[in-house]
Structures are given as structure tokens and as C-alpha cells.
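Written below as C-alpha cells is the structure these notes are about.
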Amino acid sequence: MKIGIIGGGAIGLLLTSMLEQSNHQITLYVRREKQKQQINREGITVMPRQTKHLVQAETIDNITQMELYIVCVKQYHLADIMDKLRSYNGATLYLQNGMSHVDSLLKGNDKQTILLGTCEHGARRESDHMVTHTGDGTLNIALLKGKKNTFLHVIDTLQQTSSPIVINENWNEVLINKLIINAVINPITALFQVKNGALLSNSYLYSLTKAVCKEVCTVLEEKEENHWPRILDIIDRTKANDSSMKVDISKYQRTEIDGILGYILDHATQEVSYVRFLYLSIKALEEKGSN
Ligand SMILES: NC(=O)C1=CN([C@@H]2O[C@H](COP(=O)(O)OP(=O)(O)OC[C@H]3O[C@@H](n4cnc5c(N)ncnc54)[C@H](OP(=O)(O)O)[C@@H]3O)[C@@H](O)[C@H]2O)C=CC1
Ligand SMILES: CC(C)(CO)C(=O)C(=O)O
């Protein structure tokens with residue numbers, strides 16, 4: 001299969017290295033010529049095992065027809081990619097956190113087969129051609145729209161990589177489960193600049209986390225008791241980690257808050273004051289960082 005991976009960041013580099021070990025023809029699409037040249041010259045190195053993978057990189061402006069695209073850019077860069085793929089009729093897998101992309105994908109080209117997924121692997125980009133695999137996980141994948149046969153073919157292809165794949169019947173459930181985790185853990189850890197574990201060890205942050213979980217579940221019409229134990233478990237398992245939003249804020253980078261709490265606010269039918277406060281706080285920190 002001809003597979004194009006879009007975005008040479010942490011997840012794009014990691015997945016490209018995993019797919020390189022299968023028998024498929026892989027092209028990694030990046031947006032900078034310098035990154036393309038470096039990857040074509042030196043390959044991708046995955047830490048901590050220091051495995052080297054020789055892959056082909058190309059710039060996104062030279063994108064050609066593939067049988068499958070895997071989109072690994074941040075939520076806020078999706079509009080550009082969706083525009084580039086608008087007349088393409090093959091299969092595309094989107095792996096973003098958050099949910100604000102779903103409506104545009106549902107409305108777009110009806111001939112496309114669109115898959116949605118969440119990535120439970122942890123990855124950190126060290127340089128343009130080096131990534132650290134910080135935590136093993138699964139790829140949870142579901143069909144949003146399009147051909148079931150194409151979906152099954154894609155799953156079959158991805159099962160040839162070193163990443164475990166979980167197939168889901170219900171895309172909404174897959175994305176909602178991850179959205180709730182990111183909505184509850186990421187903004188609080190980013191605002192207070194604490195590791196995930198502080199949400200359990202600090203009694204005030206614990207109360208705040210529970211209050212946010214309650215509001216988020218109310219908006220999404222989910223039962224809090226189905227999610228709270230799962231959240232506690234993930235916080236415990238990632239207690240020594242910095243959430244992605246905490247890292248973005250500390251590096252003065254844009255966050256994915258719009259696709260996460262922005263989505264919750266857009267769907268709220270009653271006031272959710274903790275969520276609104278957190279959303280405005282993260283936007284304020286983003287604005288402060290951009291000055
Ligand atoms: N990292 C992780 O552990 C996890 C990440 N995720 C999710 O995966 C998604 C990707 O995250 P991550 O890999 O960490 O993000 P990164 O910021 O590391 O990578 C995003 C990449 O997309 C590239 N990009 C942006 N616009 C374009 C474009 N038009 N064409 C080609 N490339 C483009 C960026 O290029 P440039 O380098 O030039 O800026 C960058 O390399 C996010 O939604 C994140 O929430 C989910 C689970 C875990
Ligand atoms: C699960 C969690 C919160 C781990 O840090 C995460 O997905 C993130 O940081 O974005």
C-alpha cells in the first residue's frame with residue numbers, strides 16, 4: 001500500500017518509523033525543506049533504543065496520490081490539510097486530540113473514507129529527525145464515514161506495524177473517551193504547571209479536577225461515574241508525566257485548547273464556570289506567550 005504520513009512531529013516521526021518496518025511504501029510529508037533533506041539524509045532515529053529508520057520524506061506542497069494518508073498535525077493545523085485533501089477519494093486517518101475537526105470532516109467530500117483515531121503512545125520530538133518513544137500504547141481506530149471494506153483494509157495494513165491496534169465500532173465513543181481525559185487533565189496541569197500526579201496528591205487540585213470532570217461529563221451527556229475512575233487511573237499511571245498542554249505553555253507554544261475545552265464550551269447548554277475559567281486562563285497564557 002502507498003501510505004503518506006502528514007506531519008513530521010512527535011507522532012508523525014514515531015508512526016513513520018513503525019510503518020517503515022512493514023512492507024508498504026511510506027512517504028512522510030513535512031512542511032519544511034530543511035526537515036525533508038535531513039530525514040532523507042539521516043533517516044529517523046527513535047530513542048531510547050536508538051533504532052534508525054531510513055524513510056522517504058517529501059514536502060507537503062509536492063503531495064501526490066496515496067492509498068492512505070495518516071494525518072499527524074496538531075488540531076489547529078488541520079484546516080490546511082483538509083483543504084489539500086479535499087478532492088482526494090481514498091482513505092484518511094486523523095489522529096488528533098480534541099473533537100472540533102469532526103463536524104468539518106462529516107460535511108466534507110462524501111467519496112472519502114474517513115477514519116478517526118486516538119493515539120495512546122507517548123512521543124516527544126527531540127529534533128527534526130529524532131523522536132523519543134516515551135510510552136507504549138495502542139492506536140484506537142473507528143470509521144467515521146465511507147467504505148467499510150477500505151476501513152478493514154487499512155486496519156489490516158496497520159496491524160502489520162509494531163503498534164497494537166484496537167478497532168472500535170463507535171467513533172464517538174473513541175473520541176469522547178480521549179476528549180474527557182484531555183479536557184480534565186491537560187488544562188489544570190498547564191495552568192498550575194504541575195505534573196499529572198499533582199492532581200491526586202494536592203487535595204485542592206483533586207477537588208478542582210473532580211469539579212471539571214463533572215461539568216465536562218454533563219455537557220457531553222456522559223455518566224461521571226463511568227469516567228472518573230478511568231481518569232484517576234490515567235493520572236496515576238502518568239503521574240510523573242508533563243501533560244502535552246503543560247509542555248506547550250511552558251515553551252510559549254500554541255495549545256490544542258480550542259479543540260478540547262473550546263469544543264465543550266461550544267456544546268454547553270448551561271453555564272460551566274470551571275470549564276470557562278480554565279479555557280480563558282489557557283487562552284490568556286497563550287496570548288501572554290505570543291507577545
Ligand atoms: N505527542 C504525543 O505523545 C501525542 C500526541 N497526540 C496528538 O497527535 C497530534 C500530533 O501531535 P504531535 O506529533 O505531538 O505534534 P507536533 O507539534 O510534534 O507535530 C506536528 C507536526 O505537524 C507539522 N505540520 C503542521 N502543519 C503542517 C502542514 N501543513 N503540512 C505538513 N506538516 C505540518 C508540524 O511541522 P513543523 O515541524 O514545521 O512545525 C509538526 O512537525 C496532536 O493532535 C496531539 O494532540 C496524541 C497522543 C499523544
Ligand atoms: C493522557 C495525557 C493527559 C498524559 O499526559 C495526555 O494525553 C496528554 O498529555 O496530552
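First listed ligand is number 1; within each ligand, the first listed atom is number 1.
- Y29 and Y69 have tilted rings, their planes meeting at an angle from 30° to 60° on a 0 to 90° scale.
- By the 30° and 60° cut-offs, the orientation of the rings of Y94 relative to H101 is tilted.
- Residue-level proximity to ligand 2 for K178 is carried by the side chain, the only part with a heavy atom below 4.0 angstrom.
- Judged as a side-chain hydrogen bond (donor to acceptor under 3.5 Å, both in side chains), and not counting sequence neighbours, the contacts of S243 are T189.
- Of the N or O atoms in S244, one or more lie within a sub-3.5 Å distance of an N or O in ligand 2.
- Using a 4.5 Å heavy-atom threshold, the side chains of K84 and I60 count as touching.
- In terms of protein heavy-atom proximity, atom 47 (C) of ligand 1 is nearest to C119 O, 3.1 Å.
- Here the protein heavy atom with the shortest distance to atom 6 (C) of ligand 2 is N182 ND2, 3.5 Å.
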Given salt bridge (Lys or Arg N to Asp or Glu O under 4.0 Å), test D233 with R230 step by step and report yes or no. CA-CA 5 Å; D233 179 55; R230 201 168 59 84; over 6 Å; no
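- Taking the centre of each ring, W171 and F151 stay at or above the 6.0 Å mark.
- The hydrophobic clustering, which links ILVMFWY residues whose side-chain heavy atoms are closer than 4.5 Å, places L68 and M82 apart.
- Here the heavy atom of the protein found nearest to atom 13 (O) of ligand 1 is I11 N, 2.9 Å.
- The protein heavy-atom contact nearest to atom 20 (C) of ligand 1 is C72 O, 3.8 Å.
- When the side chains of ILVMFWY residues are joined at heavy-atom separations under 4.5 Å, either directly or via intervening members, L28 and M18 end up in a single hydrophobic cluster.
- Counting only distance, with no hydrogens or angles, the side chain of Y279 and the backbone of D258 share no donor-acceptor pair below 3.5 Å.
- Considering backbone and side-chain N/O of N196, one or more are found under 3.5 Å from N/O of ligand 2.
- Both V174 and Y263 are members of a single hydrophobic cluster when ILVMFWY side chains are connected at heavy-atom separations under 4.5 Å.
- Panel note: side chain Q35, backbone D128; a donor-acceptor pair is recorded below 3.5 Å.
- Residue-level proximity to ligand 1 for K178 is carried by the side chain, the only part with a heavy atom below 4.0 angstrom.
- Those atoms of ligand 1 that come under 4.0 Å of a heavy atom in G122, given as number and element, are 3 (O).
- For E222, the side-chain hydrogen bond (donor to acceptor under 3.5 Å, both in side chains) test picks out H227, with sequence neighbours left out.
- Contacts with ligand 1 closer than 4.0 Å are made by heavy atoms of both the backbone and the side chain of N97.
- For R125, every heavy-atom contact with ligand 1 shorter than 4.0 Å involves the side chain, none the backbone.
- Short contacts between ligand 1 and Q96, defined as distances under 4.0 Å to a heavy atom of the residue, involve ligand atoms 43 (O).
- At a heavy-atom cutoff of 4.0 Å, ligand 2 is contacted by no atom of T189, backbone or side chain.
- In this structure, the protein non-hydrogen atom closest to atom 44 (C) of ligand 1 is E256 OE1, 3.4 Å.
- Contact annotation for I60 and ligand 1: only side-chain heavy atoms (C-beta onward) come within less than 4.0 Å of the ligand.
- Ligand 1 does not have S244 within reach: every non-hydrogen atom of the residue lies 4.0 Å or more from it.
- Protein heavy atom in closest approach to atom 3 (C) of ligand 2: N186 OD1, 3.2 Å.
- A heavy-atom distance below 4.5 Å is found between the side chains of L78 and Q96.
- Which of L95, I260, D128 comes nearest to atom 8 (O) of ligand 1 through a heavy atom is settled by distance: it is L95.
- Note on ligand 1: E120 sits outside its first shell, no heavy atom being nearer than 4.0 Å.
- Here is the list of ligand 1 atoms found below 4.0 Å of a heavy atom in D80: 29 (N).
- Of the possible polar contacts, none joining the R31 side chain to the G8 backbone as a donor-acceptor pair under 3.5 Å is found.
- Each of the atoms 3 (O), 48 (C) of ligand 1 lies under 4.0 Å from some heavy atom of H121.
- The protein heavy-atom contact nearest to atom 39 (O) of ligand 1 is R31 NH2, 2.9 Å.
- Counting only heavy atoms of the protein, atom 19 (O) of ligand 1 lies nearest to G9 CA, 3.1 Å.
- Ligand-side atoms of ligand 2 in range of S243: 5 (O), 9 (O), range being under 4.0 angstrom from any heavy atom.
- Annotation: atom 1 (N) of ligand 1 to nearest protein heavy atom, A123 O, 3.1 Å.
- Judged by distance alone, the side chain of T161 and the main-chain N or O of S163 form a donor-acceptor pair under 3.5 Å.
- Environment of CG in N23: sparse, with no more than 12 heavy atoms of neighbouring residues, nucleotides or ligands closer than 6.0 Å.
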I would like to know whether E120 and N140 meet side chain to side chain contact (heavy atoms under 4.5 Å, CB included); could you show each step before the answer? CA-CA 8 Å; E120 287 177 1; N140 307 308; 3.0 Å; yes
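- Annotation for ligand 1: atoms under 4.0 Å from non-hydrogen atoms of G7 are 22 (O), 23 (C), 32 (N).
- Here is the list of ligand 1 atoms found below 4.0 Å of a heavy atom in R32: 36 (P), 37 (O), 38 (O).
- Nearest residue to atom 9 (C) of ligand 1 from V73, T59, D248, I81 is V73 (criterion: closest heavy atom).
- Of the protein's non-hydrogen atoms, the one nearest atom 14 (O) of ligand 1 is A10 CB, 3.7 Å.
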